[in-house]
Protein chains: 2
Amino acid sequence: MPNDALIARPDLARIKVACTNCTLYQLCLPVGMGDPELALLEDIIKVKRPLARSQHLYQMGDSFTSLYAVRSGSLKTYALTEDGREQVTGFHLPGELVGLDAISSERHHCAARALETTSVCEIPFDRFEDLWVRIPSLPHQLLRVMSKEMRHDQTLLMLLGKKAAEERLAAFLVNLAGRFGQRGFSSREYNLSMSRNDIGNYLGLAVETVSRLFTHFQELNLLNVHRKSVQLLDLPALQALAGVSEPPPDTRAGQGGRV
Amino acid sequence: MPNDALIARPDLARIKVACTNCTLYQLCLPVGMGDPELALLEDIIKVKRPLARSQHLYQMGDSFTSLYAVRSGSLKTYALTEDGREQVTGFHLPGELVGLDAISSERHHCAARALETTSVCEIPFDRFEDLWVRIPSLPHQLLRVMSKEMRHDQTLLMLLGKKAAEERLAAFLVNLAGRFGQRGFSSREYNLSMSRNDIGNYLGLAVETVSRLFTHFQELNLLNVHRKSVQLLDLPALQALAGVSEPPPDTRAGQGGRV
DNA sequence: CGAATCCTTGAACACCTTCAACAGGGGTGG
DNA sequence: CCACCCCTGTTGAAGGTGTTCAAGGATTCG
């Protein structure tokens, strides 16, 4: 699914990234920035060598040095319970920032792992902070992204705390549809880069339940699913099931809302 | 339980607050700030008239103008599902900030409601942003608070997604203990300002389950509970049940971690 | 081709919820 | 000051939703 043109070739790693030309810039940090500011930002941002599937961007406990913006591919972030089980805290599509939760303790409390071949921009945080005096809108921009992230977490909290299994999966699928749509992909038909296991984990359900729900939704003609590929046949019905609440698209931009 | 000395009398409302003399300043925003910076901050902060129990600080949908820091008492924040049910997203003790999730859309998506007589400092956000050029550490400070809040949400996600009812309540009680301790109150004995209903709602459990768990914990001699008052008899056992993971106290301060 | 992994399906069970009834405070009004 | 009422909290029993356990099928990759 990732747009190959966006994936930096290994030999180009660490080269400056042109936010100016990045199709994601309206989803990413530099929302509404002018050219001079963009140039300053581009100066400190590095494109990292693409991650292969299941490679880690950072591990739990790693010291925090940078934020990362997804360019192509996708990531999952997850924490570990003390007994070693995983809790997936989010899936991250192109244009979204990861690592925000590590700012306070300067250490990562989640790990980030590529679900497929994935390319990210690295934003060294100390240099990023240095920019704030010259680009005063930057911290505000970052705050907006974080604030949005908090709303995502709250939506998820609501899913886990109040919703039944059906509603959770429906909400998940509808949300993904919206995010793919925002990125110029079809919102009716897309590929799941994460496993059933990850989905279940994320939604607080057993894998078996997720599987059963997929077949159930298919029997209701709400969607077709085969392996990773999903085709939503009755979006309105799914939205209804999910308890809609698609947040108003927040025209002022920033990263796309995640379920 | 609130410290009466901290509650502004109504006639003093809107008067400047002395962060300098506030016993909470090391839990609140002005962590590690010098006197001149504190003075600037105090300039824009107003103490609001105390809220009576069950009064709202802001409602869902209200436009966002200010952040609020709890001075005394406590608040709950909650969102509504589309069918009108409540999801409690957090309880907020003195020294903690609320309203952060509204920055991105300039509109509140949660409501904040006083659980008891509660006094807060109002921080008008636009004036607060104006301060950033003169106090460059301020946005960083705010980011740290938000980042911490994100970790709180992730902990809660883990509770709701992975933990059984016992573990959830134990984690909740242990966390409260820690937060009271940080504020100079006893961490072995405290009062719950929230109802069983709110606790259950927050933890994704039915009220009845919470009630049963309390009696169950009592039978195990883990605690005594009567009405609102809780006395933890075997903190280690409760921590074990909770799956401990008390975050390392994060000496660099900021607001106390919430479960 | 074989191994490993992921996904699906079935059946029994467990945990928590729901429904229901009751107890105990706390506040209000007589 | 007492009686009453409402709300919150407690306890019991039945029921359901999702889990767990188990096994079989599909897909990928060496």
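Numbered from 1 within each chain, the chains take letters A, B, ... in sequence-line order.
- Looking at residues two or more places apart in sequence or on another chain, you find a side-chain hydrogen bond (donor to acceptor under 3.5 Å, both in side chains) between B:Glu166 and B:His216.
- A salt bridge does not link A:Arg71 with A:Glu96: none of the charged nitrogens is closer than 4.0 Å to a carboxylate oxygen.
- A:Arg183 places a side-chain N or O within donor-acceptor distance of the main-chain N or O of A:Pro94, the cut-off being under 3.5 Å.
- Rounded to a whole Å, the CZ atom of A:Phe214 is 12 Å from the P atom of C:dT9.
- Aromatic ring pairs are classed by plane angle as parallel below 30°, tilted from 30° to 60° and perpendicular above 60°; the pair B:Phe185 and B:Phe180 is perpendicular.
- Between atom CG of residue B:Leu169 and atom NZ of residue B:Lys163 there is a gap of 12.5 Å, rounded to the nearest 0.5 Å.
- Nearest-nucleotide positions on DNA chain D place B:Thr215 closer to the 5' end than the other of A:Arg227 and B:Thr215.
- Helix bend of the helix from C:dC7-D:dG24 to C:dG30-D:dC1: the angle between its two end axes, each built from five pairs, comes to 40° after rounding to 10°.
- On the nucleic acid side, DNA chain D has its first and last nucleotide under 4.0 Å of a heavy atom of chain A at D:dG18 to D:dT27, going 5' to 3'.
- No option in B:Thr89, B:Asn201, B:Asp198 other than B:Asp198 meets the side chain to side chain donor-acceptor pair (under 3.5 Å) test with B:Lys76.
- When the side-chain hydrogen bond (donor to acceptor under 3.5 Å, both in side chains) test is applied to A:Thr209, no partner is found at least two apart in sequence or on another chain.
- Here B:Ser195 lies in heavy-atom contact (under 4.0 Å) with sugar-phosphate atoms only.
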Strictly under 4.0 angstrom, non-hydrogen atoms only: write out the protein contact profile of nucleotides 12-21 of chain C, one letter per nucleotide from the 5' end, B, S or -.
----SBBBB-
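- Atom NZ of A:Lys228 and atom P of C:dT5 are 15 Å apart (whole Å).
- Judged by distance alone, the side chain of B:Tyr190 and the main-chain N or O of B:Leu173 form a donor-acceptor pair under 3.5 Å.
- Rounded to an integer number of Å, the gap from A:Ile199 CD1 to C:dT8 C1' is 14 Å.
- Nucleic acid contact for A:His226: sugar-phosphate only, since backbone atoms but no base atoms lie under 4.0 Å from a heavy atom of the residue.
- Taking 4.0 Å as the cut-off between side-chain N and carboxylate O, B:Asp101 and A:Arg151 do not count as a salt-bridged pair.
- With 3.5 Å as the limit, one finds no donor-acceptor pair spanning the side chains of A:Ser74 and A:His92.
- With sequence neighbours excluded, no residue forms a side-chain hydrogen bond (donor to acceptor under 3.5 Å, both in side chains) with B:Ser229.
- In this structure, A:Arg196 atom CZ and C:dC6 atom P are separated by 12 Å, rounded to whole Å.
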